[in-house]
Amino acid sequence: MTQQKIDFIEELEWRGLLHQCTDEDGLRKYLADPERAPRKVYAGFDPTADSLTIGNLVPIMLLAHVKRAGHVPVVLMGGGTGLIGDPSGKSAERSLITDQTVEANVHAQQPIFEIVLGCVEGPKHCVVNNVDWLGGLGYIEVLRNIGKHFSVNMMMQKESVKERLHNREQGISYTEFSYMILQAYDFWKLFYDDQVAVQVGGSDQYGNIIAGIDLIRRISFDLIKSVPMLAAEAQAAAAAGQIELAASLAKQAAMYAASPEPESFGLTAPLVTKSDGSKFGKTETGAIWLTRERTSPYAYYQFWLNASDDDVIKFLKIFTLLTKDEVDELERGHVDNPGAREAHKKLAQCATAIIHGKKEAEQAENASKALFSGDIVSLPKALLEDVFANIPSSDHSKADLENQSVDLVELLVETKLAQSKRQAREFLANGSVSINGSKITPETKLALEHLLHDEIIAIRRGKKAWHLTRWN
RNA sequence: GGGCGUGUACCCAAGUGGACAAAGGGGGCAGACUGUAAAUCUGCUGGCAACGCCUUCGGAGGUUCGAAUCCUCCCGCGCCCA
């Protein structure tokens, strides 16, 4: 079934994904022209790690909407810019990462785009890597052709730079200071070579995006301006009998004269915030990642399920592809009966499905149901294995169970459910620990009778921390 | 280069010779109540073989029966003067 194409800007608007736009009316017109569709829209991603976090998911969703609107999403991997480091939003100079690492990270991140954009209807997306053009750039060339268009005065006005300039503890290196030039050049390059005229990103990217738009305008203006001069030179060369030179100059003049209208657009999504003011995307265990090696589907599902009431509708709009009607209905249900947590469940389900697939999402859902009902005991072995597939586990000796020599305090530390023995004792005293879903006291001794399916004991600390032990 | 400050646990911050593993706040964790939410209340928040022991108040030495606290040197940071 082919879905109705959406209107890009309107879609972003109701989803709360539209923060800034350099020329909203212009962009509307640009995207609406059926003669010239599909248009190309890009977002850049810096390969600073071998995975992406849910912070990066926002621009990815922007690209997904680009695709749904019938345009071509272009993923720009920062294989070149990643070697430099974006100072935006960073309070300290970062140490450079090796080009091998950057390359490996680019490689590792790529599947994420395939997955998310792959499951959306619309024109096929494409992936480019800016090391392909930045890598071969010469220093003199950059200074003459690009650097000339940047005013240092303007660059120093940039918030992220200004902050670092006034901070004596953490200055900014020439390297990071120059980052903006490279990102601007990316936009110019994509605009000129591939007709990519729209860049989207997070609000922290607005300055860099503007710099790109500016550069496009300036270079285009220069090119057009140089046409009469080139033509005159060509004529002069022809008159002097320098046929080859004349031809080459004339060709250049023609090419410049035909260069595209320097019409380019930038659009940003707002920074995602949480109602309680804490940082979005972080939990006690760290950032939430988009690959299962770093954040299991279960943990990912749990993250969304645990969203605060005040955030859940907002997150549904941003991080799922549910329609406005569907979200509105969930919102009504949520207002009427927040205790049912229907909106939370849907959010967790859809958000997990986008990244890890429907099947994993279902598994995560089943696991969540089983774990939080506390009814582990009645689960058949296969389902139990399934439920715990994403949860840390460890192996132990059955003989210790037979003679009841297992020290719970030690076991809690061993399974990382407690950080120290002191803390483990505290948890036991507080009644925070349960075995197979039922609470235990500090006096409880682990014994053979606790084994499920003759080999498994599930330990839970608090509401959310589980560990599976196998005894052989 | 000179002067005056300042550096304490995850963060802020008290402590200026013994009662100091170090007040208070924030954050975090756990418990109760709930809905795996929020708010609220309670407990915990350096470690251990635990009425004791070990490690920790920027670093290295020193004075002392005893140092986060006093002295010397070094390092970091802030403000002022040059």
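Protein chains get the first letters and strands the later ones, always in sequence-line order, with residue 1 at the start of each.
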[N] OP1/OP2 closer than 4.0 Å to side-chain N/O of [X]:
X	N	value
S308(A)	A38(B)	no
R341(A)	G35(B)	no
K463(A)	U34(B)	no
K274(A)	A38(B)	no

Length of the [atom1]-[atom2] vector between [X] and [N], whole Å:
X	N	atom1	atom2	result
L347(A)	G35(B)	CG	P	21 Å
Q419(A)	C44(B)	CD	P	18 Å
L412(A)	C44(B)	CG	P	19 Å
W304(A)	A37(B)	CH2	C1'	15 Å
R422(A)	C53(B)	CZ	C1'	17 Å
I440(A)	G31(B)	CD1	P	13 Å
L305(A)	A37(B)	CG	P	9 Å
I391(A)	U36(B)	CD1	C1'	13 Å

Sugar-phosphate only, base, or nothing, as touched by [X] at under 4.0 Å among non-hydrogen atoms:
X	value
S368(A)	base
F372(A)	base
K345(A)	nothing
R425(A)	base

Can you tell me which nucleotide in [options] comes closest to the side chain of [X]?
X	options	result
N430(A)	U36(B), A32(B), A30(B)	A30(B)
Q423(A)	C29(B), A32(B), A37(B)	C29(B)
F427(A)	G35(B), G47(B), C29(B)	C29(B)

Exercise. Hey, are the side chains of Q110(A) and V127(A) touching, using non-hydrogen atoms and a 4.5 Å cut-off?
Worked result: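 Q110(A) reaches V127(A) side chain to side chain.
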For this session: Of all the heavy-atom pairs spanning R15(A) and T320(A), show the shortest one and how long it is.
Result: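 Where R15(A) meets T320(A) most closely, the heavy atoms are NH1-O, 2.9 Å.
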For this session: Locate the shortest heavy-atom distance separating K317(A) from V327(A); write the atom from each residue and the value.
Result: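 Heavy atoms of K317(A) and V327(A) come nearest at CG-CG1, 4.0 Å.
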Exercise. Just how far is it from atom OG1 of T53(A) to atom CZ of F280(A), taken to the nearest 0.5 Å?
Worked result: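 Between T53(A) OG1 and F280(A) CZ, I get 8.5 Å after rounding to 0.5 Å.
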For this session: Please step through side-chain contact (heavy atoms from CB on, under 4.5 Å) for the pair N366(A) and D386(A), ending with a clear verdict.
Result: CA-CA 9 Å; N366(A) 289 336; D386(A) 227 36; over 6 Å; no
Exercise. Does C51(B) fall in syn (glycosidic angle within 90° of 0) or anti?
Worked result: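 It is syn.
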For this session: Using modelled atom types only, decide if a donor and an acceptor are shared between the side chain of N129(A) and the backbone of G79(A) within a distance under 3.5 Å.
Result: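 The answer is yes, because a donor-acceptor pair under 3.5 Å joins these two groups.
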Say we look at [N] and [M]: how far apart would their [atom1] atoms be, to the nearest angstrom?
N	M	atom1	result
C65(B)	A14(B)	C1'	28 Å
A60(B)	A68(B)	P	13 Å
A82(B)	C71(B)	P	30 Å
G43(B)	C10(B)	P	23 Å
G47(B)	U55(B)	P	16 Å
U45(B)	A9(B)	C1'	10 Å
U69(B)	G17(B)	C1'	6 Å
G52(B)	G62(B)	C1'	30 Å

Problem set entry | Distance-only donor-acceptor test (3.5 Å): side chain Q302(A), base U36(B) |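 Looking at the base of U36(B), it does pair with a donor or acceptor on the side chain of Q302(A) (distance under 3.5 Å).
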Find the partner of [N]: check Watson-Crick (N1-N3 plus N6-O4 or O6-N4) and G-U wobble (N1-O2, O6-N3) distances, both under 3.5 Å, and reply none if neither fits.
N	result
C10(B)	G26(B)
C4(B)	G78(B)
U34(B)	none
C73(B)	G59(B)
G18(B)	C65(B)
C53(B)	G47(B)

Exercise. Is the closest basic N to carboxylate O distance between K398(A) and D454(A) below 4.0 Å?
Worked result: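 A salt bridge links K398(A) with D454(A).
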Exercise. Considering heavy-atom distances to RNA chain B, does E426(A) or A307(A) have its closest nucleotide positioned more toward the 5' end?
Worked result: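 Closer to the 5' end of RNA chain B: A307(A).
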Exercise. With nearest nucleotides of RNA chain B determined for K439(A) and A340(A) from heavy-atom distances, which residue corresponds to the more 5′ nucleotide?
Worked result: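 The 5'-side residue here is K439(A).
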Problem set entry | Proximity of F8(A) and H65(A) rings by center, below 6.0 Å |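 Between H65(A) and F8(A), which both carry aromatic rings, the centre distance is not below 6.0 Å.
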